[in-house]
Amino acid sequence: MAKLILMSTSPPVFKRILAGLFVGTAISASVLPASAAVDNDLPVRWNTGAAVWSTHQDAFDTFLDSGDITDRGLEGGLARSGWTSDEVKAGMTKTYSVNLVGVSRFLYSDAGVKFLKNATNSYFPYYSMNTYAVQALRSAIIADSVDGSISSAGIMKALPTDFRLADFCNTYTGAQNICAEGRCAPGTAQCTSLLSWYVFLPACIQANQMADPVAMVKDTPAPAPMQDPVRGLW
């Protein structure tokens, strides 16, 4: 039946149909990297040392649960974080109360997109790199916000695909822009390291979430009723 329909279609229309199918396939292939078919298992592929090293989610889970460091990439990341491993562990497991709508409203706003671009300076999807970095990080933050709270550990686990920390081609420096100004020692790894960036990320999201304008109006106290004006004696 499908062959009969295609054969009865005029040549120009048939060409447009094929072109549309080709474009759709190309877009799908570019949006969905090879690793998108499976759950994220490599939240950090370190491209910042002498050799590339991938740290699996299991290694982060073990560290955040017990404090045990079972992966050399994670060990190196902790050493370069500017904080002690206990401080990183406490920071990444701390939860922050958020409103899903407020978080989404911020992340889709112009200010939110700028925030996400700045937040993915050197940390982005392994395959598509910064092409879909904003969308990938935004999806992870929103996914972790569904239950009304977020944490660094939750955001990391919700990443939709493998991420890399890049330092190559004289374009990416391996440095991340920490969102909490004044909370890190200037000129130190606390202000540029990936794990320090993770520690501060959920607090910045909580601080920037946008309240529902309708709710704000409802919560605004009604003005006091005006008293009758004082009448003169004339």
Side-chain angles (χ1 to χ4, degrees), residues 39-44 46 55-71 73-107 111-112 114-124 133-134 136-163 165 174-186 188-211:
D39 292 337
N40 161 50
D41 188 46
L42 301 172
V44 186
W46 311 89
T55 299
H56 287 253
Q57 183 64 51
D58 288 345
F60 276 100
D61 292 341
T62 298
F63 167 67
L64 296 173
D65 181 52
S66 66
D68 294 336
I69 303 169
T70 59
D71 177 86
L74 174 57
E75 183 178 22
L78 289 167
R80 296 188 298 270
S81 70
W83 306 94
T84 67
S85 59
D86 287 340
E87 287 172 328
V88 172
K89 179 177 179 293
M92 290 190 67
T93 53
K94 183 177 179 179
T95 59
Y96 298 80
S97 298
V98 293
N99 176 272
L100 174 61
V101 175
V103 169
S104 301
R105 182 175 288 108
F106 166 61
L107 294 178
K114 182 178 180 180
F115 174 89
L116 291 167
K117 287 181 178 179
N118 190 52
T120 52
N121 185 55
S122 295
Y123 183 58
F124 36 65
V134 167
L137 180 58
R138 178 167 57 203
S139 70
I141 296 171
I142 291 176
D144 193 41
S145 302
V146 171
D147 63 354
S149 68
I150 57 174
S151 68
S152 301
I155 293 171
M156 174 182 283
K157 206 157 191 175
L159 292 175
T161 187
D162 299 341
F163 265 54
L165 182 66
Q176 281 294 100
N177 296 320
I178 307 302
C179 60
E181 295 182 7
R183 298 297 183 92
C184 59
T188 70
Q190 291 181 355
C191 298
T192 59
S193 69
L194 175 66
L195 295 182
S196 186
W197 170 85
Y198 255 121
V199 165
F200 288 112
L201 179 61
C204 294
I205 297 297
Q206 182 193 55
N208 284 285
Q209 61 184 327
M210 294 181 175

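Nothing here was measured: the structure is a model prediction, and the numbers come from that model.
Counting only distance, with no hydrogens or angles, the side chain of Asp41 and the backbone of Asp162 share no donor-acceptor pair below 3.5 Å. When atom types are taken as modelled, the side chain of Thr192 and the backbone of Ala175 share no donor-acceptor pair closer than 3.5 angstrom. Here the side chain of Gln176 pairs a donor or acceptor atom with the backbone of Ser122 at under 3.5 angstrom. Asn177 places no side-chain N or O within donor-acceptor distance of the main-chain N or O of Ala119, the cut-off being under 3.5 Å.
Using a 4.5 Å heavy-atom threshold, the side chains of Tyr96 and Pro202 count as touching. Looking at heavy atoms from C-beta onward, Val199 lies in side-chain contact with Met92 at the 4.5 angstrom threshold. Between Phe63 and Ser85, the closest side-chain pair of non-hydrogen atoms falls below 4.5 Å. Counting heavy atoms from C-beta outward, Leu107 and Ile205 have side chains that approach closer than 4.5 Å. Put simply, the side chain of Leu116 reaches to within 4.5 Å of the side chain of Ile141, judged on heavy atoms.
The two residues Leu74 and Asp71 have their closest heavy-atom pair at N-OD2, 2.8 Å. Taking all atoms of both residues into account, the shortest heavy-atom contact from Ala136 to Pro160 is O-CD, 3.5 Å. For the residue pair Phe60 and Leu195, the shortest heavy atom distance occurs at CE2-CD2, 4.1 Å. Contact between Lys89 and Gly67 at its shortest, heavy atoms only, is CE-N, 3.7 Å. Taking every heavy atom of both residues into account, Ala180 and Cys204 meet most closely at N-SG, 3.7 Å. Taking all atoms of both residues into account, the shortest heavy-atom contact from Ala189 to Ser196 is O-CB, 4.2 Å.
Here CG of Leu201 is found 7.0 Å from CD1 of Ile150. Values are rounded to the nearest 0.5 Å.
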Any chance you could lay out the side-chain hydrogen bond (donor to acceptor under 3.5 Å, both in side chains) test for Ser66 and Asp68, step after step, and finish with the verdict?
CA-CA 5 Å; Ser66 66; Asp68 294 336; 3.2 Å; yes

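A salt bridge links Asp61 with Lys157: the distance from a Lys NZ or Arg NE/NH1/NH2 to an Asp or Glu carboxylate oxygen falls below 4.0 Å.
A perpendicular orientation is assigned to the rings of Tyr123 and Tyr198, their planes being inclined by more than 60° (bins at 30° and 60°).
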